[in-house]
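Here's the structure, in structure tokens; my notes come after.
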Amino acid sequence: MSNKWKEKLGEDLLNCEVKAYCYANVDETDADDIFSECLYKVFKIEDVKLKDIYDRGKHIDYFFLVVRNTIYNYYRAKRIEWVDYKPEFDILDEDYVEEGAEIIE
């Protein structure tokens, strides 16, 4: 089975406007990494499914969705602020002691 369709698919994805979309929405330093990661994600799909997407002419649309979702996750990860608690506070746990009449009230 010839993989000419895969070569044509790769050319289409590299030459489409999705790369410009990626550069417009992500810092320039991370845009190449995100674009490459998305190409990897697309080519990691089973050949049967990928060929079906390609044969229907939806490969660029599908690639755009992969890029868009990856950019969303990129910004979501940047929004999460990890709080680093420093051991400056010393919390003492006091022992609980029951005293007769307080339990009834």
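In terms of the side-chain contact (heavy atoms from CB on, under 4.5 Å) criterion, N69 has no residue partners (sequence neighbours excluded). Shown here are the ring-ring contact (aromatic ring centres under 6.0 Å, His included) partners of F64, two or more places apart in sequence or in another chain: Y21. Remark: D47 pairs with K6 by the salt bridge (Lys or Arg N to Asp or Glu O under 4.0 Å) rule, at least two apart or across chains. Qualifying side-chain contact (heavy atoms from CB on, under 4.5 Å) partners for D61, counting only residues two or more places apart in sequence or in other chains: K58. Y23 pairs by the side-chain hydrogen bond (donor to acceptor under 3.5 Å, both in side chains) definition with D32, not counting sequence neighbours.
Note: F63 and F35 meet the aromatic proximity criterion, with ring centroids under 6.0 Å apart.
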- Task: Show your reasoning for whether side chain to side chain contact (heavy atoms under 4.5 Å, CB included) applies to W5 and D55.
- Result: CA-CA 9 Å; W5 66 270; D55 288 343; 5.7 Å; no

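Across A31 and C22, no two heavy atoms sit closer than the pair O-SG, 3.6 Å.
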Return all side-chain donor-acceptor pairs below 3.5 angstrom for residues 9-20, not counting sequence neighbours, or 'none' if the list is empty.
unit_1: D12; atom_1: OD1; unit_2: K8; atom_2: NZ; d: 3.0
unit_1: D12; atom_1: OD2; unit_2: H59; atom_2: NE2; d: 2.9
unit_1: N15; atom_1: ND2; unit_2: E11; atom_2: O; d: 3.0

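Annotation: the span from D33 atom CG to D27 atom CG amounts to 11.5 Å, rounded to 0.5 Å. Rounding to the nearest 0.5 Å gives a distance of 10.5 Å between CG of L65 and OG1 of T70. Remark: I34 CD1 to Y74 OH distance equals 5.5 Å, nearest 0.5 Å.
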